[in-house]
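Just so it is clear: chains get the letters A, B, ... in the order the sequence lines come, proteins before strands, and each one is counted from 1.
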Protein chains: 2
Amino acid sequence: MRYELYYWPSIQGRGEFVRLALEDAGADYVDVTRLPVRGGKGMPAMMRLLNGDSVACPPFAPPFLKVRAGKQVIGQTANILLFLGPRLGLVPKSEASRLWAHQLQLTIADWLVEVHDTHHPIAGGLYYEEQKREAKRRAADFITRRLPKFLGYFEQVIARNPGRGGWLVGRGMSYVDLSMFQMIAGLRYAFPRAMARLEPKHPHLVALHRRVSARPRIAAYLGSGRRIPFNREGIFRHYPELDV
Amino acid sequence: MRYELYYWPSIQGRGEFVRLALEDAGADYVDVTRLPVRGGKGMPAMMRLLNGDSVACPPFAPPFLKVRAGKQVIGQTANILLFLGPRLGLVPKSEASRLWAHQLQLTIADWLVEVHDTHHPIAGGLYYEEQKREAKRRAADFITRRLPKFLGYFEQVIARNPGRGGWLVGRGMSYVDLSMFQMIAGLRYAFPRAMARLEPKHPHLVALHRRVSARPRIAAYLGSGRRIPFNREGIFRHYPELDV
């Protein structure tokens, strides 16, 4: 295989943004921690790269991508997509377009941290139940102020895109659209009531989600066992008390 | 001028990471919001670009950089540095080195969000005093778990760098080192007690901070009125009750 993706095996998390790009492009890749330990893969393979002292450029955290040819290890979700985008044909060619796509991806990354912190506002190392009161306060602010701000921003980006195709960058679909699909899917899972109220104001984003999910390779992926279901271990979590 | 930097005029914030690169390179730039309104600059100039509908690629938030020649507007701190790095001679030439530098910069960006959230764990739109109890809990976790993890990671990156010059990437100083200088300076301001305890275990980072601050252009900048002092409006804030 050409690419090895390393990420926690039981959640979509940040790894999913990379998986969607690899899947849509039909890339030759393996999801290392979901392979058998006795074949030299699985979680031990990831922990060796994370904690071993053999790697000159160690990642701070998963996901990271190992490129077979160059023995390169690339970390940080948006950085992996910056690397993969041109190689998978998932971003326009000009430098300005690539910087713009990356800028949007970094804004999605910021948004994702805020989604995570709705259920973990105090510490990632504590359980949700240990910070539930604080989570209610933070989630309320997220839903009333931050979520509309992010949705409105990206809706406007599609509306202003001179490509006029309903995508975020240029005329065709890019990896940023795949990531936006994942945001909408995750937000619908985590905050169904808030999203039902907000979606009618954001028709471009709703249409983008629908068009991405209908792409043949994405549809096949979503129906396969390779797509890990949303759950209460991931970044997007459904706690009804936080969806006000 | 070649570059126009747009950022809030009264804090170092995220703009400082860009300023340090421009200053160290002796680049031809202006800090737009700190210039007079009657000359067409100042805060109104920034708000026009942020809220106007004339920009095809609108930034979500400051900082952003306007490049005079191409009329390009580039947002997201790490993305601005990705763009400026090669142009200012502040990153090695190979693609692998540039991705590695960017990966480290994105990890610094993640760290910075955690620093910010020590005093604003619930909402950026509320005052510190309205979330002080939650801030104490979050800051305690930051100081005992997250701060040592980030410091330890970057200390190890310098130690493993085959360039062996005491820098984070390659043989010479890069924009990532300038950003690391800013992290150490800010952490010393915000958490002097915690840093006094942790610094002896991180000699490479302490040496990096000292070497960056002694660079002629950086030393001149730090002594000038262009360097905004740390204060309680910025990302790094000193609240003694959070520095346990």
Side-chain angles (χ1 to χ4, degrees), chain A residues 53-61 64 67 70 72-80 82-83 95-97 99-100 102-107 109-111 113-114 117 121-126 130-131 133-135 137-138 140-142 144-146 149-150 153-154 156-157 159-162 169, chain B residues 53-61 64 67 70 72-80 82-83 95-97 99-100 102-107 109-111 113-114 117 121-126 130-131 133-135 137-138 140-142 144-146 149-150 153-154 156-157 159-162 169:
Chain A
D53 51 14
S54 64
V55 187
C57 298
F60 183 74
F64 50 91
V67 186
Q72 207 176 347
V73 176
I74 303 167
Q76 283 281 355
T77 313
N79 196 42
I80 298 171
L82 179 73
F83 171 84
E95 191 203 10
S97 294
L99 282 167
W100 174 230
H102 188 55
Q103 179 177 330
L104 293 175
Q105 191 67 39
L106 291 174
T107 305
D110 289 344
W111 189 6
V113 170
E114 297 195 23
D117 285 4
I122 300 300
L126 296 176
E130 297 175 275
Q131 49 197 311
R133 189 172 57 184
E134 294 92 340
R137 272 193 92 188
R138 176 132 191 176
D141 181 80
F142 176 76
T144 55
R145 290 166 187 263
R146 303 299 290 172
K149 186 172 159 84
F150 279 106
Y153 172 73
F154 286 106
Q156 178 201 56
V157 167
R160 284 196 200 170
N161 180 356
V169 179
Chain B
D53 51 14
S54 64
V55 188
C57 298
F60 182 75
F64 50 90
V67 186
Q72 207 177 347
V73 177
I74 303 167
Q76 283 282 356
T77 313
N79 197 42
I80 298 171
L82 179 73
F83 171 84
E95 191 203 11
S97 295
L99 283 167
W100 173 231
H102 189 55
Q103 178 177 330
L104 293 175
Q105 191 67 38
L106 291 174
T107 305
D110 290 344
W111 189 8
V113 170
E114 297 195 23
D117 286 4
I122 300 300
L126 295 176
E130 296 174 274
Q131 49 198 311
R133 188 172 57 185
E134 294 91 341
R137 268 192 94 188
R138 176 133 191 176
D141 181 80
F142 176 76
T144 55
R145 290 167 188 261
R146 303 298 290 171
K149 187 173 159 83
F150 279 105
Y153 172 73
F154 286 106
Q156 178 201 56
V157 167
R160 283 197 200 170
N161 180 357
V169 180

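- Of the listed residues (A/Ala123, A/Ala96, A/Pro58), the greatest number of heavy-atom pairs within a distance under 4.5 Å of chain B belongs to A/Pro58.
- Both the backbone and the side chain of A/Phe150 come within contact range of chain B, judged by heavy atoms closer than 4.5 Å.
- Only the side chain of B/Asp141 comes within contact range of chain A, with at least one heavy atom under 4.5 Å from a heavy atom of that chain.
- Contact count versus chain A (heavy atoms, under 4.5 Å) is highest, among B/Gln156, B/His102, B/Gln103, for B/Gln103.
- Contact of B/Val55 with chain A is made through backbone and side chain together, with heavy-atom distances under 4.5 Å.
- Residues B/Leu99 and A/Gln72 come closest through the heavy atom pair CD1-NE2, 3.8 Å.
- Note: B/Pro59 leads B/Ala78, B/Ala109, B/Pro59, B/Ala56 in heavy-atom pairs under 4.5 Å with chain A.
- Scored by the ring pair (Phe, Tyr, Trp, His ring centres under 6.0 Å) test, A/Phe83 finds no partners at all (sequence neighbours excluded).
- Between B/Pro121 and B/Gln131 the shortest heavy-atom distance is N-OE1, 3.3 Å.
- Heavy atoms of B/Leu104 lying under 4.5 Å from chain A are absent altogether.
- Within 6.0 Å of CZ in B/Arg145 there are 12 or fewer heavy atoms belonging to other residues, nucleotides or ligands.
- If you tally non-hydrogen atom pairs under 4.5 Å between each of A/Ile80, A/Leu82, A/Val113 and chain B, the highest count goes to A/Leu82.
- A/Arg160 approaches B/Asp53 most closely through the heavy-atom pair NH2-CA, 3.2 Å.
- A ring-centre distance under 6.0 Å is not found for A/Phe60 and B/Phe154.
- Using a 4.5 Å cut-off between heavy atoms, B/Asn161 does not touch chain A at all.
- Looking at heavy atoms from C-beta onward, A/Trp111 lies out of side-chain contact with A/Tyr153 at the 4.5 angstrom threshold.
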